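Quantities reported herein were computed from a predicted structural model and do not represent experimental measurements. Each ligand, and each atom within it, is numbered from 1 in the order the structure gives.
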Amino acid sequence: FKNYFTDPERAEAAIKLVLREKKVTNYELTARARDGKKTVVSYNATTFYDRDRTLQGVFAAARDVTERKGLDQALQDKNVELERAKIAAEKANLAKSAFLSTMSHELRTPLNAILGFSELMSDERYGTLNDRQHRYVSNIRTGGKHLLKLINDLLDLSRIEAGHMELARESVAVDTAVSEVLNALQPLADGKSQHLVKDVEKGLAVWADATRFQQVLMNLLANAIKFTPNGGSIQISARLTDERIRVEVQDSGPGIPPEEQKRIFEAFYRLRQPGQAPEGTGLGLAITQHLVKLQGGFLGLESEPGKGSCFFFELPAGGRVTSPLPRDESPLPATTKRMRILVIDDDPDAAQLIRSQLTASGYEVDLCDQPERATELTAQLQPDAITLDLLMKPVHGWEILRQLKSNPRTALIPVVVVSVADEPGGSATLGADAYLVKPVEKEDLLAAVRRCLGRKGGVPLQRSVLVVEDDTYTRELIGELLRGQGYSVVTASDGAEARSAVEESLPELVILDLMLPKISGLELLVEWRAHPRTADLPVFVLTGKDLSPDEEKYLHSYAEALLHKEQPWKEDLLNQLQRALGPTPRGKA
Ligand code: ADP
């Protein structure tokens with residue numbers, strides 16, 4: 001017994017087990033033959049009894065399972081190996097994504113400095129450039145932009161390939177989507193005297209991710225414009241065919257030879273036109289094809305050299321359009337403070353005109369067309385400034401001005417008199433802060449309002465903005481931009497500095513980078529939102545980070561604006577700042 005089984009204790013245990021449990025099944029033991037060869041034996045055993053239920057003995061049947069065991073083992077080894085390979089591949093994939101995401105951030109940061117400062121230079125704010133310098137600065141910008149596009153495209157492609165491209169599909173209005181893309185690209189086509197034609201059936205909806213659908217349209221149209229010579233024409237059409245939306249982009253360009261038609265969809269493949277430097281990254285069509293496929297469609301091409309190209313794709317039709325396309329400018333929540341102007345004028349047309357001049361520049365405007373209620377309304381609304389007409393009934397403007405200035409609740413509110421009556425002398429004695437004669441030029445009106453707002457309460461308005469950014473150049477660039485617009489700027493280079501800056505003195509607005517050493521921007525934001533003193537502090541997030549859907553959701557609810565560094569953000573930032581804080585003394589209205 002001892003010599004027969006390699007593990008005699010296990011064999012003894014088997015006997016005990018069968019006596020106790022009355023049976024065992026598939027109990028495996030390894031037996032050793034005399035020649036030393038090992039055999040795996042599987043036992044089934046039961047006890048048996050006589051009539052008096054006295055144990056008589058044990059039946060045992062043994063089966064040689066050596067071969068099967070070997071197979072099992074081999075299979076198991078193989079599975080383990082596969083599992084290991086899978087884990088390694090997943091790890092590598094994660095590492096690749098993490099690498100790309102970090103790398104792209106690392107690359108974008110200095111690129112932002114290159115693009116931003118070269119833009120400042122070409123604005124000639126700090127001295128004029130000669131022709132050669134202009135050209136060189138413009139070369140720097142062009143190169144920088146190309147690099148930025150390359151980085152963004154690469155990131156997109158790798159995201160798609162790793163299966164990380166998340167799509168939010170909904171019913172998207174085709175007409176609106178196409179129009180927006182055409183509007184964005186019109187200047188490019190105008191620059192080449194090309195004719196852009198839209199032929200979209202009314203009321204079509206496509207089942208797609210709104211942003212990615214527009215990206216597809218953008219890529220195809222931009223290519224058509226790029227590769228079609230000056231004076232050519234490009235048509236985009238969309239129609240319903242068998243429950244699907246078919247979109248075609250047809251150009252009158254050089255066309256693509258049959259042997260190249262497959263290859264142009266490969267990443268980095270570009271057709272070289274003789275004597276032409278390749279533009280673009282060669283990634284556009286690869287990404288476009290993936291995006292169409294991901295949304296359940298197919299991207300195709302019909303083209304003949306000399307006869308133009310037609311890129312087409314089909315996507316499932318959507319139902320009734322429920323949600324409009326996301327706007328670039330997310331609406332500012334009500335918490336953001338805007339300058340509020342009360343327009344007092346009993347002539348509705350005149351009032352409307354002033355209102356639109358002011359709202360176009362980011363002011364919030366209330367109208368009062370009942371002069372007899374003007375003083376009461378002013379006290380109630382507490383606007384930041386008032387425009388006041390004079391020749392009104394039943395109460396004359398002078399009377400309103402007198403009342404306003406003699407009431408402590410309204411005395412400090414600046415008043416801009418806007419009247420057809422040309423008698424500024426009287427208004428000064430009555431305490432008006434500015435006097436304009438109708439018809440008023442928008443610029444004059446805005447300048448007057450700005451001047452008054454600056455003097456409000458005798459203290460010039462301090463539009464202080466805290467810029468939280470760890471990259472020195474980007475910080476300097478943003479500071480420069482804002483100061484150029486008349487904002488007063490405080491900076492912080494990490495989360496801790498930002499935290500204490502806000503504790504010390506509450507800025508009017510914060511521009512916040514997310515990836516900061518030690519305390520992240522997101523942590524700061526959460527902290528500020530939780531505290532009553534800072535809960536309403538307007539925060540603009542400006543980041544180069546790839547946001548997860550959760551982060552994106554959070555920021556959409558808790559930040560006043562979300563700007564991505566990989567997109568052109570400077571104009572956007574200044575516009576949104578104006579809207580949030582009102583115009584600055586030096587800001588262009
Ligand atoms: P990119 O436009 O960045 O070079 P794409 O992947 O978008 O890269 O396009 C690959 C190539 O396909 C282009 O370089 C061009 O040679 C060719 N191509 C794309 N669209 C057109 C078009 N409308 N007419 C002619 N050639 C085109």
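- For Pro254, no nitrogen or oxygen atom sits less than 3.5 Å from a nitrogen or oxygen atom of ligand 1, counting backbone and side chain alike.
- Near Lys226, meaning under 4.0 Å from any of its heavy atoms, are these atoms of ligand 1: 1 (P), 2 (O), 3 (O).
- Atoms of ligand 1 found under 4.0 Å from any heavy atom of Arg270 (numbered from 1 in listed order, with element): 4 (O), 14 (O).
- Salt bridge status for Asp513 with Lys565: present, with a side-chain N to carboxylate O gap under 4.0 Å.
- Remark: ligand 1 atoms within the under-4.0 Å shell around heavy atoms of Ser309 are 24 (N).
- Counting only residues at least two apart or in different chains, salt bridge (Lys or Arg N to Asp or Glu O under 4.0 Å) contacts with residues 79-92 comprise Lys78-Glu81.
- At least one heavy atom of Phe311 sits closer than 4.0 Å to an atom of ligand 1.
- We find the CZ-CD distance between Phe312 and Glu302 to be 5.0 Å, quoted to the nearest 0.5 Å.
- In this structure, Glu571 CD and Leu563 CG are separated by 12.0 Å, a value rounded to the nearest 0.5 Å.
- At a 4.0 Å heavy-atom cut-off, ligand 1 touches Ile256 through the side chain alone.
- Remark: side-chain polar atoms of Arg169 are not paired, donor with acceptor, to backbone N or O of Ala210 under 3.5 angstrom.
- Here's the thing with Asn223: one of its N/O atoms is less than 3.5 angstrom from an N/O atom of ligand 1.
- For ligand 1, the atoms closer than 4.0 angstrom to any heavy atom of Gly284 are 5 (P), 6 (O), 7 (O), 8 (O).
- Of the inter-residue distances, the one linking Gln578 atom CD with Tyr363 atom OH reads 8.0 Å to the nearest 0.5 angstrom.
- With values rounded to the nearest 0.5 angstrom, Ile287 atom CD1 is found 9.5 Å from Ser158 atom OG.
- Near Gly282, with a cut-off below 4.0 Å to any heavy atom, the atoms of ligand 1 are 1 (P), 3 (O), 4 (O), 6 (O), 8 (O).
- Of the polar atoms of Asp251, at least one N or O is found under 3.5 Å from an N or O of ligand 1, judged by distance alone.
- Ligand-side atoms of ligand 1 in range of Tyr269: 10 (C), 11 (C), range being under 4.0 angstrom from any heavy atom.
- Qualifying ring pair (Phe, Tyr, Trp, His ring centres under 6.0 Å) partners for Tyr473, counting only residues two or more places apart in sequence or in other chains: none.
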